[in-house]
Novice: 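Let me begin by handing over the structure; questions about it come next.
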Amino acid sequence: MPQIIPFAKVPIGENERKYIKEVLDSGWLTTAGKTLEFEKSFAEYIGARYACAVNSCTAALHLGLDALGVRPGDKVFVPSMTFTATAEVIRYLQADPVFLDTEYRSNLITPEILEEAISRHPDVRYLIVVHYGGQAVDLAAIQVLCQKHGIKILEDAAHAFPAKREGKMVGAMGEVCCFSFYANKTITTGEGGMLTTGDEEIYKRVKTMRLHGINRDIWDRFTAQKPSWEYDVVEAGYKYNMPDLAAAIGLGQLEQAEQFRSERQRVAEFYYDHLSDIPCLDLPLLHVHPNDHAWHLFPVVLNKLSPISRNDCMDRLAEAGIGTSVHYKPLHQMTYYKERYKLKPEDFPNAERTWHGNFSLPIYPSLTNKELRHISEALHQILT
């Protein structure tokens, strides 16, 4: 059967088209006024002091680690259950990841997991936490531990906009936070990312390094009414800027962010209501109120009671016209990390338990109740 319910579907409205036309009509398509407007609007939305738009969350993570002071030979705690970008940026800086297990069913680093890791690796001075699937980690408790041991925190919030924990928006709670606007994320710019911080020095460093280490917004050279060509290169930076065409899409998406989140919550609540009676299917564990969850993913795990494997289940769902994906094959299973750092599966029992049965169900705003019933009925037929 052809796929009738894709795994992901991007909602695009009229304002995205309107703002793109404004950029096209301006005659200047790369970084300029729309990007500045997107940064300001995003910072205001989450309550951050500064926001810096870049061309991917990977770029934001890289710049964030650099601004926090990660240097060659440093060690950085990072969860194994994440996308490779979270760890690869550590290697960009010639530092080394120290991989952590995560809690089963939430895939989050918990204070208990971190405390045990610190006791085994007292020389680690940096931590990347991942707000997995759209649910925020217990950052307040983790911050207490990290302050005690002199550890700086970078938040990977690629999944977590807009999300909250204890009344505070992700992106306004910590020192540096990084968001993704990739094509399948909760809001999109096609490709893009954002770094938020309350620290002026970190903001200045990131802003300089995102565009070749140049000490000013050089698009003024081309858009100013009077000649304004002079600039200085103060660092060997990168080409990480976000163009106005992408920011135009982001502005339109940002206006609908809570509506999108609410519709994804509707989908998640349907799954909890209709799939909890399948004994072999473990649903995501919640530590926050559903209203505080971004609901980027709905990851489930086939446990030992399952009559079939994860791959067979995904194949059967595909035959029923339902798209799925896997988030993730843990990094301790990936050849590069496994071989370079001599990683052993037994050191990651929760990630291993997850990996053998995990897959993610469709969760996007336009999913209809008819489509959700089809997904539920297919899973019941396959698994019960």
Novice: Can a side-chain donor-acceptor contact be found between Y337 and T84 if the only test is distance below 3.5 angstrom?
Specialist: yes
Novice: Do the side chains of R71 and D66 get close enough for a salt bridge, i.e. N-O under 4.0 angstrom?
Specialist: yes
Novice: Hydrogens and angles aside, do D282 and N303 bring a side-chain donor and acceptor to less than 3.5 Å of each other?
Specialist: yes
Novice: Report, as yes or no, whether the 6.0 Å neighbourhood of atom OH on Y50 holds more than 12 heavy atoms from other residues, nucleotides or ligands.
Specialist: yes
Novice: State the CG-OG distance between L275 and S376, to the nearest 0.5 angstrom.
Specialist: 5.0 Å
Novice: If only atom types and distance count, is the side chain of N215 paired as donor or acceptor with the main-chain N or O of V233 below 3.5 Å?
Specialist: no
Novice: Please say whether more than 12 non-hydrogen atoms of neighbouring residues, nucleotides or ligands are located less than 6.0 Å from CD in E269.
Specialist: yes
Novice: Using a distance-only test with no angle check, is there a side-chain donor-acceptor pair under 3.5 angstrom linking Q147 and Q143?
Specialist: no
Novice: Indicate yes or no for a side-chain donor-acceptor contact from E44 to the backbone of E39 under 3.5 Å, with no hydrogens or angles considered.
Specialist: no
Novice: Looking at Y45 versus F161, is the centre-to-centre ring distance below 6.0 Å?
Specialist: yes
Novice: Checking E191 against N55 for the side chain to side chain donor-acceptor pair (under 3.5 Å) test, could you report, in this order, the C-alpha distance in whole Å, the side-chain angles of both residues, the deciding distance, and whether it holds?
Specialist: CA-CA 6 Å; E191 294 276 1; N55 60 12; over 6 Å; no
Novice: Within 45 degrees of the axis of the six-membered ring of Y104 and under 6.0 Å from its centre: does R353 put its NZ or CZ there?
Specialist: yes
Novice: Looking at V23, is its backbone amide N or carbonyl O close enough to the side chain of D244 to form a donor-acceptor pair, meaning the two atoms are under 3.5 Å apart?
Specialist: no
Novice: For N107 and H327, does a side-chain donor sit closer than 3.5 Å to a side-chain acceptor?
Specialist: no
Novice: If you take the centroid of each ring, where Trp contributes its six-membered ring, are H332 and F99 closer together than 6.0 Å?
Specialist: no
Novice: Could you tell me whether K75 and D123 have a side-chain N and a carboxylate O separated by less than 4.0 Å?
Specialist: yes
Novice: Is a side-chain donor or acceptor of T188 paired with a backbone partner of K185 at a separation under 3.5 angstrom?
Specialist: no
Novice: Assess the residue pair Q256 and E263 against the criterion (side chain to side chain donor-acceptor pair (under 3.5 Å)); give the C-alpha distance rounded to whole Å, side-chain angles, the decisive distance to 0.1 Å, and a yes or no.
Specialist: CA-CA 11 Å; Q256 306 168 83; E263 287 298 316; over 6 Å; no
Novice: Roughly how far, to the nearest 0.5 Å, is CD1 of I109 from OG1 of T82?
Specialist: 9.0 Å
Novice: Counting only N and O atoms by type, is there a donor-acceptor contact under 3.5 Å from the side chain of E371 to the main-chain atoms of T368?
Specialist: yes
Novice: May I ask whether L305 and L281 are part of the same hydrophobic cluster, defined by side-chain heavy atoms of I, L, V, M, F, W, Y residues being less than 4.5 angstrom apart, directly or through others?
Specialist: no
Novice: Just by distance, with hydrogens left out, do R91 and Y336 show a side-chain donor and acceptor under 3.5 Å apart?
Specialist: yes
Novice: Closer than 3.5 angstrom, by distance alone: can the side chain of R125 be matched with the main-chain N or O of V70 as a donor-acceptor pair?
Specialist: no
Novice: Please work out whether the ring planes of F42 and F38 are parallel, tilted or perpendicular, with thresholds of 30° and 60°.
Specialist: perpendicular
Novice: I'd like to know if E235 and K207 make a salt bridge, using a cut-off of under 4.0 Å between side-chain N and carboxylate O.
Specialist: no
Novice: Which heavy atom in G250 sits nearest to a heavy atom in T189, and how many Å separate them?
Specialist: CA-CG2, 3.5 Å
Novice: Verify whether one side chain among S106 and E103 offers a donor that lies under 3.5 Å from an acceptor in the other.
Specialist: yes
Novice: Would you check if the distance from the ring center of Y272 to the ring center of F298 is below 6.0 Å?
Specialist: yes
Novice: Do any N or O atoms from the side chain of Y126 and from the backbone of G69 form a donor-acceptor pair under 3.5 angstrom?
Specialist: yes
Novice: Taking atom CD of E166 and atom NE2 of H289, what is their separation to the nearest 0.5 Å?
Specialist: 14.5 Å
Novice: When rounded to the nearest 0.5 angstrom, what is the spacing between CD1 in I187 and CZ in R261?
Specialist: 14.0 Å
Novice: Is there a donor-acceptor contact under 3.5 Å from the side chain of S360 to the main chain of L297?
Specialist: no
Novice: Mark yes or no for whether E37, through its side chain, and A247, through its backbone, hold a donor-acceptor pair below 3.5 Å.
Specialist: no
Novice: Pick out which of Q253, E14, E255, K34 makes a side-chain hydrogen bond (donor to acceptor under 3.5 Å, both in side chains) with Y19.
Specialist: E255
Novice: Counting the benzene-type ring for Trp, do F181 and H159 have ring centres under 6.0 Å apart?
Specialist: no
Novice: Give the minimum heavy-atom separation between A172 and G47, together with the two atoms involved.
Specialist: CB-O, 3.7 Å
Novice: Determine, stepwise, if the pair E377 / R373 fulfils salt bridge (charged side-chain N to carboxylate O under 4.0 Å, His left out).
Specialist: CA-CA 6 Å; E377 289 167 3; R373 285 194 295 270; 5.4 Å; no
Novice: Side chains of H131 and E155: donor-acceptor distance under 3.5 Å anywhere?
Specialist: yes
Novice: Do you know the tightest heavy-atom contact between P79 and V130?
Specialist: CG-CG2, 3.5 Å
Novice: Output yes when R205 and E201 qualify as a salt bridge under the 4.0 Å nitrogen-oxygen rule, no when they do not.
Specialist: no
Novice: Please lay out, stage by stage, how D156 and T86 fare under the test side chain to side chain donor-acceptor pair (under 3.5 Å).
Specialist: CA-CA 7 Å; D156 180 340; T86 315; 2.8 Å; yes
Novice: Using modelled atom types only, decide if a donor and an acceptor are shared between the side chain of T31 and the backbone of N241 within a distance under 3.5 Å.
Specialist: no
Novice: If you draw the axis of the six-membered ring of W355, does the NZ or CZ of R310 fall within 45° of it and under 6.0 Å from the ring centre?
Specialist: yes
